[in-house]
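Here is the structure we will look at, set down as structure tokens.
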Amino acid sequence: MRARDGLRQAFDEARYGPRRTLNVREPMVSGAEATRRAEGWLRAKQVERVGDVLVITGRGKGSPGQVGVVREEVHKLLGRLRRAGVVSKVEEHTAGSFAVTLAPLRELFNAPRRIRDGSRGQEYRAHRRAPGTLDGLSDETLALLRRLATVSLNSLGLDAPEPDFVDAEMEREFALLSRASSGSLDESTLRSAITHAIHEFEEQDDRGRR
């Protein structure tokens with residue numbers, strides 16, 4: 001059994017490596033703290049576009065009643081993040097870990113939003129504007145963010161969205177990206193993430209036209 005566990009560990013280290021592995025299996029970590037760490041880490045890894053990651057929770061053998069509190073709380077978190085467009089796929093890797101596939105960035109922007117359009121019958125609710133949200137961003141970053149807002153709204157059927165819709169969408173998308181680093185996302189990384197998200201939307205649109 002130990003040899004098998006050692007072989008699996010070696011395989012996991014080769015497949016994922018430290019950059020794509022999160023270990024919240026610590027004796028004094030509560031379920032709430034584990035989910036806080038896991039959510040921040042998974043959101044950051046989505047922006048980095050790392051693809052598949054491994055989240056180690058442990059089996060809970062040292063927990064009261066042998067119930068894996070951390071494991072259960074992280075499992076619930078992964079379900080929420082799947083609905084939020086952060087996670088694409090979750091599989092039980094071992095009894096104490098989850099293999100997670102992170103979603104494309106466009107899913108992060110699509111998941112929380114609905115839009116009303118005559119041809120689709122969907123509902124859109126523009127978020128209230130938060131004055132000053134984008135203050136301090138460079139003109140280059142703002143231009144990219146505006147382009148992303150426009151193509152993402154286009155993907156939902158708004159070919160010529162109203163300026164207020166675009167402004168609100170810019171602020172919403174910036175807020176979603178900022179959550180990946182607790183609001184401290186540097187502009188270079190931000191521009192890279194925005195550019196890749198734009199390409200994802202454009203590729204999706206190209207496939208839809210074929």
Side-chain angles (χ1 to χ4, degrees), residues 12 15-26 29-60 63 67-115 122-125 127 133 145 148-149 152 155-156 168-186 189-190 192-201 203-204:
D12 288 343
R15 179 181 177 185
Y16 296 101
R19 180 168 173 259
R20 294 195 293 147
T21 301
L22 174 69
N23 189 347
V24 291
R25 182 182 57 190
E26 298 178 22
V29 171
S30 65
E33 174 63 14
T35 55
R36 185 191 68 79
R37 291 186 191 179
E39 179 170 5
W41 186 81
L42 288 164
R43 287 183 178 277
K45 293 303 175 183
Q46 183 189 29
V47 170
E48 293 175 22
R49 307 180 317 281
V50 299
D52 295 333
V53 297
L54 184 68
V55 180
I56 301 171
T57 62
R59 302 181 184 185
S63 302
V67 177
V69 175
V70 167
R71 185 183 186 284
E72 289 304 311
E73 290 301 313
V74 170
H75 189 239
K76 292 176 184 177
L77 169 70
L78 293 171
R80 293 196 299 271
L81 292 181
R82 189 169 186 172
R83 293 188 293 274
V86 176
V87 168
S88 175
K89 182 179 178 182
V90 178
E91 292 182 340
E92 183 180 273
H93 183 65
T94 67
S97 65
F98 296 101
V100 180
T101 300
L102 297 170
L105 278 171
R106 68 171 185 273
E107 296 302 323
L108 175 67
F109 306 124
N110 282 341
R113 170 192 60 195
R114 294 180 180 175
I115 191 164
Q122 297 170 312
E123 177 185 349
Y124 176 75
R125 293 181 300 176
H127 290 231
T133 302
L145 196 57
L148 173 59
S152 62
S155 74
L156 294 180
E169 185 68 5
M170 288 172 65
E171 291 172 352
R172 189 184 72 89
E173 291 175 346
F174 175 70
L176 287 169
L177 286 171
S178 294
R179 289 187 66 182
S181 59
S182 302
S184 61
L185 196 67
D186 67 87
T189 303
L190 176 62
S192 177
I194 293 171
T195 299
H196 280 277
I198 290 170
H199 290 163
E200 288 177 7
F201 276 112
E203 288 173 359
Q204 183 184 44

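Computed from heavy atoms alone, side chains included, the values below leave out hydrogens, waters and symmetry copies. Everything numeric here is computed off the predicted structure, so don't read it as measured data.
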### Message
Contact between Arg43 and Leu81 at the side-chain level, heavy atoms closer than 4.5 Å - yes or no?
### Response
yes

### Task
State, with a plain yes or no, whether a side-chain heavy atom of Val86 is found less than 4.5 Å away from one of Arg82.
no

### Query
Has the side chain of Ser152 got a donor or acceptor atom that lies under 3.5 Å from a matching backbone atom of Leu148?
yes

### Task
Please round to the nearest 0.5 Å and tell me the distance separating atom OG1 of Thr21 and atom CZ of Arg15.
10.0 Å

### Query
For the residue pair Trp41 and Leu54, what are the closest heavy atoms and their distance?
CH2-O, 4.2 Å

### Query
Do Leu78 and Leu42 touch side chain to side chain, with heavy atoms closer than 4.5 Å?
yes

### Query
Does Arg49 have any side chain to side chain contact (heavy atoms under 4.5 Å, CB included) partners at least two apart in sequence or in another chain, and if so, which?
Leu105, Ser192, His196

### Message
Would you say that Leu177 contacts Val47 through its side chain, given a criterion of any heavy-atom pair below 4.5 Å between the two side chains?
### Response
yes

### Message
Does any part of the side chain of Glu107, heavy atoms only, come nearer than 4.5 Å to the side chain of Glu200, both counted from C-beta?
### Response
no

### Message
What I want to find out is whether Glu72 reaches Lys76 closely enough, with some N-O distance under 4.0 Å, to be called a salt bridge.
### Response
no

### Message
Measuring only between side-chain heavy atoms, which start at C-beta, is Val24 closer than 4.5 Å to Thr35?
### Response
no

#### Entry: Shortest non-hydrogen separation from Gly85 to Ala103 and the atoms involved
O-CB, 3.4 Å

### Task
Taking Glu91 for its side chain and Thr101 for its backbone only, find out whether a donor-acceptor pair lies under 3.5 Å.
no

### Task
Look up atom CG in Leu176 and atom CD in Glu171, then write down how far apart they are to the nearest 0.5 Å.
12.0 Å

### Query
With His75, which residues qualify under side chain to side chain contact (heavy atoms under 4.5 Å, CB included), at least two apart?
Phe98

### Task
Could you tell me whether Glu92 and Arg71 have a side-chain N and a carboxylate O separated by less than 4.0 Å?
yes

### Test item: Arg172 side-chain N/O and Ala149 main-chain N/O as donor-acceptor pair under 3.5 Å
no

### Value rounded to 0.5 Å, distance of CG in Asn110 from OG in Ser155
5.0 Å

### Query
Could Glu203 and Arg106 be called an ion pair, given the rule that one side-chain N must be under 4.0 Å from one carboxylate O?
no

#### Entry: Arg37 side-chain N/O to Val29 backbone N/O, donor-acceptor pair under 3.5 Å
no

### Lys/Arg N to Asp/Glu carboxylate O, Arg19 vs Glu48, below 4.0 Å
yes

### Query
If you look at every heavy atom in Leu190 and Phe174, which pair is closest and at what distance?
CD2-CE1, 3.7 Å

### Query
Which atom names give the shortest non-hydrogen contact between Gly58 and Arg25, and what distance separates them?
CA-CD, 3.4 Å

